[in-house]
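Residue numbers start from 1 in every chain, and the chains themselves are labelled A, B, ... in the order their sequence lines are given, proteins ahead of strands. As the structure is a prediction and not an experimental result, all values here were calculated from the model.
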Amino acid sequence: EPEVTQTPSHQVTQMGQEVILRCVPISNHLYFYWYRQILGQKVEFLVSFYNNEISEKSEIFDDQFSVERPDGSNFTLKIRSTKLEDSAMYFCASGTLGSYNEQFFGPGTRLTVL
Amino acid sequence: AQSVTQPDIHITVSEGASLELRCNYSYGATPYLFWYVQSPGQGLQLLLKYFSGDTLVQGIKGFEAEFKRSQSSFNLRKPSVHWSDAAEYFCAVGDPNTGGFKTIFGAGTRLFVKA
């Protein structure tokens with residue numbers, strides 16, 4: 001069964017460093033999403049991406065964040081200058097056209113900022 | 001603004017007992033409604049969804065949910081809980097007016113199952 005994959009599973013970085021989190025969505029999906037979950041808290045929407053552009057973003061998704069689909073298969077989330085409060089689990093999700101926003105989630109990348 | 005409320009932070013049920021997890025939403029119209037389950041260290045798995053039509057929806061793993069417009073609720077139920085159901089459960093809504101791109105999650109309810 002096709003699934004969304006994410007790499008790395010755990011990323012440790014120093015404050016101020018740039019990180020790139022990678023996702024490989026399900027191959028025929030056209031909608032892509034990033035969410036984050038700070039430890040012990042709810043899952044928060046960051047951004048959605050369709051047709052090579054951002055469809056919607058939350059207030060969390062400020063200028064420090066960017067997304068890209070560099071090669072037609074990967075979908076990346078970049079944090080330019082990490083802060084301590086960026087430490088969280090980051091989930092990628094993908095969905096199909098006409099699926100009423102049904103999203104398939106990856107296993108997540110745990111980001112730890114020291 | 002849309003919001004999702006899961007009033008119970010955690011619930012403990014005995015194996016074999018019935019389960020109901022509560023979810024209330026705030027939205028001007030009927031949103032897309034979802035329940036997800038998250039096992040420890042895992043991603044989110046969709047249990048079921050509601051867009052329109054029959055207000056009682058069936059999902060995977062024997063779960064069902066009922067949409068009640070008058071109460072703005074979408075409670076999740078299971079008639080007989082198994083130990084493997086212990087996990088965190090998230091109710092979520094999507095805004096149909098924006099194509100549902102943005103999904104808002106509730107805070108989650110952690111289910112504990114005792115033998």
Item to check | Same apolar cluster: A/Tyr50 and A/Phe45, side chain cutoff 4.5 Å | outcome: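 In one cluster with A/Tyr50: A/Phe45, yes.
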Item to check | Cluster link B/Leu46 to A/Val43, ILVMFWY, side chain under 4.5 Å | outcome: yes
Are there over 12 heavy-atom neighbours, none belonging to [X], within less than 6.0 Å of that residue's [atom1]?
X	atom1	value
B/Lys114	NZ	no
A/Leu114	CG	yes
A/Leu39	CG	no
A/Asp62	CG	yes

Next on the checklist: Shorter than 4.5 Å, heavy atoms on both sides: which option in A/Met89, A/Glu44, A/Gln37, A/Arg110 has the most such pairs with chain B?
Outcome noted: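 The option with the most such pairs is A/Gln37.
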Checklist entry - So which part of A/Gln6 gets closer than 4.5 Å to some heavy atom of chain B, the side chain, the backbone, both or neither? => result neither
Item to check | Contact summary for A/Gln103 and B/Tyr36, nearest pair of heavy atoms | outcome: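 Where A/Gln103 meets B/Tyr36 most closely, the heavy atoms are O-OH, 3.6 Å.
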Next on the checklist: For B/Phe105 versus A/Lys42, what's the shortest heavy-atom pair and its separation?
Outcome noted: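 Shortest heavy-atom separation between B/Phe105 and A/Lys42 comes out as O-CD, 3.5 Å.
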Next on the checklist: Under 4.5 Å from any heavy atom of chain A, what part of B/Leu44 do you find: side chain, backbone, both or neither?
Outcome noted: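 Contact with chain A is through both the backbone and side chain of B/Leu44.
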Item to check | Under 4.5 Å from a heavy atom of chain A, the part of B/Gln6 involved | outcome: neither
Next on the checklist: Measuring only between side-chain heavy atoms, which start at C-beta, is B/Thr103 closer than 4.5 Å to A/Tyr33?
Outcome noted: no
